[in-house]
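Just so you know, ligand 1 is whichever comes first in the structure, and atom 1 is the first atom listed for that ligand. From a predicted model like this one, the values you see are computed outputs, not experimental measurements.
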Amino acid sequence: MIPEIEKLLNEQIKYESKASAQYLSMASWADTRGFNGVAGFFYNQSEEERVHMTKLVKFINERSGSAVIPAIDKPRDDFNSLMELFETFLQSEEYVTAQINNVIFQCLEHKDYNVHNFMQWYVAEQLEEEAIARTLLDKLKIIGDDKSGHYLFDRDIHTFQVEEQAK
Ligand code: OFO
């Protein structure tokens, strides 16, 4: 494996791991405030990020590289509102997308078409996750401070989860 690319993929392991920890923290925040639908959504997102991380670990090791499991700082848990929670979600996804784009760019620079191909799966995932984050944030902007709106948002996100899992 090209050392520069291996280094970038190892950094990507860290970003996926950080996202997983951040979403677990957000799930816990929602869980302790009665937003069970939102909690379920972020528990699930956290699991997904863990899968993304593990996929990278296996890919690096299978190609005679060495995956490094990183230390992770304590994730943020001081949210003031559902809006802030989902703003953090979108920012996190945008950040990860930027890092993935950088890996793709470097793959092309180094003519590493194998890793470039592997990373396309991540590009598609990011597109989907960013779209979900934006849609949910838009809904929260419409709702504003309305408490019954928050209740319905939580209920709807639970229904959305159940439908997604049934697919
Ligand atoms: Fe790993 O998919 Fe988003 O961040």
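Of all the heavy atoms in Ser25 and Asp77, the pair that sits closest is OG-CB, 3.5 Å.
Looking only at side-chain heavy atoms (C-beta outward), Phe35 and Ile157 stay at 4.5 Å or farther from each other.
For ligand 1, the polar-atom distance check against His52 finds a nitrogen or oxygen pair separated by under 3.5 Å.
Under 4.0 Å from ligand 1, not a single heavy atom of Glu48 appears.
Atom CD1 of Ile13 is separated from atom CD1 of Ile60 by 3.5 Å, given to the nearest 0.5 angstrom.
With hydrogens and angles left out, the side-chain atoms of His158 and Gln161 include no donor and acceptor closer than 3.5 Å.
For the side-chain contact (heavy atoms from CB on, under 4.5 Å) criterion with Tyr122, the lone passing option out of Gln99, Glu16, Gln12 is Glu16.
Checked for salt-bridge contact, Arg76 and Glu84 meet the test: a charged N lies under 4.0 Å from a carboxylate O. The residues Lys55 and Glu125 are annotated as not salt-bridged, no charged nitrogen and carboxylate oxygen being separated by less than 4.0 angstrom.
Of all protein heavy atoms, the one lying nearest to atom 3 (Fe) of ligand 1 is Glu129 OE1, 2.0 Å.
At a threshold of 2.8 Å, atom 3 (Fe) of ligand 1 has no backbone or side-chain N, O or S atom of Glu125 nearer than that distance. Among the atoms of Gln126, an N, O or S atom falls under 2.8 Å of atom 3 (Fe) of ligand 1.
Across the listed options Glu93, Glu94, Gln22, Glu93 owns the non-hydrogen atom lying nearest to atom 4 (O) of ligand 1.
Near Val96, meaning under 4.0 Å from one of its heavy atoms, ligand 1 places the atoms 4 (O).
Summary: OE2 is the N/O/S atom of Glu49 found nearest to atom 3 (Fe) of ligand 1. Within Glu16, the N, O or S atom at minimum distance from atom 1 (Fe) of ligand 1 carries the name OE1.
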